[in-house]
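Note that the structure is predicted; figures quoted are calculated from it, not measured. Both ligands and their constituent atoms are indexed starting at 1 by order of listing.
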Amino acid sequence: MHLPALALVLAGTALAATNSKNSTKPYSTWMASSFLSKGQKINNHYVAAVIHGGIQKAATTQNDSALLSYVSNAVSSIVTSNGTLIGWNSTYYTLDDQRIGNNILYTWDAEGRKDDKYVIAAKGLREQLNRWPRTPSGGFWHRDPIYTNQMWLDGIYMADTFYATYTSYFEPDNTTAWNDIELQFDLIEEHCRNHTSNLLKHGYSEDKSTVWADPVTGASPYVWDRALGWYFVALVDVLEVWPTTQASYSKILSYFTTLADGIQKAQDASGGWWLLMDEELAGKPGNYIESSATAMFTYAYLKGIRLGLLNEDYRKTAVKAWDLLLDEFIQYEKNGTLSFTGTVTVGSLSGNASYEYYTGVPIVINDGKGAGPFMYAGAEMELAGLE
Ligand SMILES: *[C@@H]1O[C@H](CO)[C@@H](O)[C@H](O)[C@H]1NC(C)=O
Ligand SMILES: *[C@@H]1O[C@H](CO)[C@@H](O)[C@H](O)[C@H]1NC(C)=O
Ligand SMILES: *[C@@H]1O[C@H](CO)[C@@H](O)[C@H](O)[C@H]1NC(C)=O
Ligand SMILES: *[C@@H]1O[C@H](CO)[C@@H](O)[C@H](O)[C@H]1NC(C)=O
Ligand SMILES: *[C@@H]1O[C@H](CO)[C@@H](O)[C@H](O)[C@H]1NC(C)=O
Ligand SMILES: *[C@@H]1O[C@H](CO)[C@@H](O)[C@H](O)[C@H]1NC(C)=O
Ligand SMILES: *[C@@H]1O[C@H](CO)[C@@H](O)[C@H](O)[C@H]1NC(C)=O
Ligand SMILES: *[C@@H]1O[C@H](CO)[C@@H](O)[C@H](O)[C@H]1NC(C)=O
């Protein structure tokens with residue numbers, strides 16, 4: 001079909017202006033099936049857990065029976081009939097390996113809470129938290145032994161969303177557990193939050209022994225977008241299950257709403273967010289608009305509005321971010337699949353945590369830490385009737 005150039009331009013403008021999709025396919029399941037077409041393998045690693053978490057949300061939102069069946073079989077395949085979680089080492093303490101617990105509980109719940117093997121597997125992960133090495137103040141070490149006495153925002157998402165969901169399902173009245181989860185958030189807030197910008201640095205070292213630790217707070221030097229994305233997502237996900245009867249509820253809610261404000265103020269005119277989000281670093285050579293956090297923020301804003309935790313004013317922030325994802329970070333492949341671009345592979349506090357370090361990490365296509373959150377965001381856009 002040959003349309004005059006002007007008509008194409010006008011059509012493009014109309015689409016952008018109304019934010020209507022340019023396809024009959026929902027983006028959430030489109031990205032999920034695109035990932036599956038590349039041959040996904042599930043295991044207990046957090047990246048597989050995030051991708052499969054995205055597929056679970058997409059499949060549920062769209063009631064896509066093929067994807068629901070795939071993801072059910074995938075999660076089932078890593079839990080043996082006696083409840084052994086394949087690949088999991090119960091004496092290796094790394095918060096990343098707790099994230100799969102969310103997929104296990106989601107599957108158990110979605111399938112009518114019938115199959116006890118999931119409860120046994122989840123209980124194993126939960127009991128490991130009772131043995132976890134902790135900082136003197138009681139924070140879970142990010143990893144033993146290499147991140148001794150360190151807490152990272154990433155770890156809050158990986159472990160405490162599971163800890164909260166497990167507690168809400170099996171021990172809803174265990175105030176000791178709720179207080180323990182609250183403590184994890186409190187410690188991160190105390191050491192990493194900037195009360196002027198309302199953003200949080202990537203992590204902190206409680207004994208301040210690490211090269212990058214601030215001598216007063218112990219915090220690392222920069223606000224890294226993906227860590228803040230994990231943290232923002234963690235807050236909305238735990239608030240979904242946190243009993244409003246717990247005294248801590250309103251404080252956790254205020255952590256979420258004040259962070260929503262800080263992130264909104266840091267949004268670039270393009271709709272995205274900088275890899276390093278400290279105010280003075282916007283536009284600095286080497287810094288760039290990164291896709292994974294843009295997807296995470298979109299998800300957390302829309303879910304926060306859906307749950308009645310955030311006001312409607314944030315919807316425009318989320319929709320603007322979503323539009324950028326579609327315009328800049330979605331690549332339409334010739335074979336009909338979608339690719340997700342512009343994701344930084346990693347950001348670690350294992351080295352010097354310098355500006356040169358963060359900005360020198362490679363940017364890749366189809367990284368699950370970006371595409372998984374894109375599925376989360378797409379599902380929320382669809383639930384809101386915006387796609
Ligand atoms: C959607 O829009 C993009 C960019 O405008 C275009 O490349 C792609 O072919 C469109 N896809 C469909 C299925 O219409
Ligand atoms: C579709 O194309 C993309 C990009 O070339 C590729 O990565 C993917 O494996 C292809 N999928 C199928 C099912 O051929
Ligand atoms: C989901 O799809 C199945 C068929 O695939 C149908 O039986 C069921 O009613 C649908 N559920 C909802 C909530 O739409
Ligand atoms: C559970 O099953 C796995 C493999 O199916 C087996 O290796 C393991 O020993 C079993 N554990 C127990 C406690 O029975
Ligand atoms: C489990 O992790 C511990 C601590 O890192 C390690 O010493 C042990 O060798 C691991 N076990 C297996 C089976 O990998
Ligand atoms: C309640 O939570 C605490 C802290 O995690 C734990 O030590 C304890 O075993 C839990 N109690 C029950 C009854 O499950
Ligand atoms: C806290 O945020 C303000 C406003 O962006 C900024 O000027 C200040 O440098 C930040 N402090 C730290 C320690 O990053
Ligand atoms: C920090 O590490 C990066 C590599 O990750 C290196 O390029 C840089 O020179 C180091 N900076 C300092 C101050 O040591």
Worksheet entry | Electrostatic pair Glu127:Lys123 at N-O distance under 4.0 angstrom |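 Between Lys123 and Glu127 there is a salt bridge, with a charged N closer than 4.0 Å to a carboxylate O.
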Worksheet item: Is it true that Arg134 and Asp180 have a side-chain N and a carboxylate O under 4.0 angstrom from each other?
Response: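 Between Asp180 and Arg134 there is a salt bridge, with a charged N closer than 4.0 Å to a carboxylate O.
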Identity and separation of the nearest protein heavy atom to [atom]:
atom: atom 7 (O) of ligand 6; value: Asn130 OD1, 3.8 Å
atom: atom 12 (C) of ligand 6; value: Asn174 ND2, 3.4 Å
atom: atom 11 (N) of ligand 3; value: Asn63 ND2, 2.8 Å
atom: atom 6 (C) of ligand 8; value: Asn352 ND2, 4.2 Å

Item to complete: Record the part of Glu127 in heavy-atom contact with ligand 6 below 4.0 Å; permitted values are side chain, backbone, both and neither.
Response: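 It is neither part, as no heavy atom is under 4.0 Å.
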Discussion item. Test of understanding: given a 4.0 Å heavy-atom threshold, classify the contact between Leu129 and ligand 6 as side chain, backbone, both, or neither.
Written reply: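 Under 4.0 Å from ligand 6, Leu129 contributes no heavy atoms.
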Worksheet item: In terms of the angle between their ring planes, are Trp152 and His202 parallel, tilted or perpendicular, with boundaries placed at 30° and 60°?
Response: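 Answer is perpendicular, since the angle exceeds 60°.
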Item to complete: Determine if the distance from atom 9 (O) of ligand 3 to the closest protein heavy atom is below 4.0 Å.
Response: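 So atom 9 (O) of ligand 3 lacks protein heavy-atom neighbours under 4.0 Å.
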Worksheet item: Within 4.0 Å of atom 4 (C) of ligand 3 (strictly less), any protein heavy atom?
Response: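 It does not; no protein heavy atom is within 4.0 Å.
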Worksheet entry | Heavy-atom gap Ser354 to ligand 8 smaller than 4.0 Å |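 Ser354 counts as a contact of ligand 8 under the 4.0 Å cut-off.
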Discussion item. Here's a test for you: under ring-ring contact (aromatic ring centres under 6.0 Å, His included), which of Phe329, Tyr299, Trp322 qualifies with Phe374?
Written reply: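 With Phe374 as partner, Phe329, Tyr299, Trp322 yield a single ring-ring contact (aromatic ring centres under 6.0 Å, His included), made by Trp322.
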Practice prompt. State which residue, out of Tyr231, Trp230, Trp274, Trp273, fulfils the ring-ring contact (aromatic ring centres under 6.0 Å, His included) condition with Phe297.
Written response: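 The passing option is Trp273.
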Item to complete: Compute whether any side-chain donor of one residue and acceptor of the other, for Glu382 and Thr61, lie under 3.5 angstrom apart.
Response: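 Result is no, nothing qualifies.
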Worksheet item: With a 4.5 Å limit on heavy-atom distance, are the side chains of His45 and Asp96 in contact?
Response: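 A side-chain contact is absent here, since even the closest heavy-atom pair is not under 4.5 Å.
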Practice prompt. Give the atoms of ligand 6, by number and element, whose distance to some non-hydrogen atom of Arg126 is under 4.0 Å.
Written response: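 Answer for ligand 6: 2 (O), 3 (C), 4 (C), 5 (O), 6 (C).
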Worksheet item: In terms of atom number and element, which parts of ligand 6 are under 4.0 angstrom from non-hydrogen atoms of Ala177?
Response: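 Every atom of ligand 6 under 4.0 Å from some heavy atom of Ala177: 2 (O).
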Worksheet item: When you measure from the centre of the six-membered ring of Tyr169, is the NZ or CZ of Arg113 under 6.0 Å away and within 45° of the axis?
Response: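 The answer is yes, since Arg113 meets both limits relative to Tyr169.
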Discussion item. Looking at Pro145, is its backbone amide N or carbonyl O close enough to the side chain of Thr148 to form a donor-acceptor pair, meaning the two atoms are under 3.5 Å apart?
Written reply: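 Such a contact is found between Thr148 side chain and Pro145 backbone.
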Worksheet item: For ligand 6, is Tyr163 a contact, meaning one of its heavy atoms is under 4.0 Å away?
Response: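 True for this residue.
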Item to complete: Please determine if Tyr357 has a nitrogen or oxygen closer than 3.5 Å to a nitrogen or oxygen of ligand 8.
Response: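 Among all N and O atoms of Tyr357, none is under 3.5 Å from an N or O of ligand 8.
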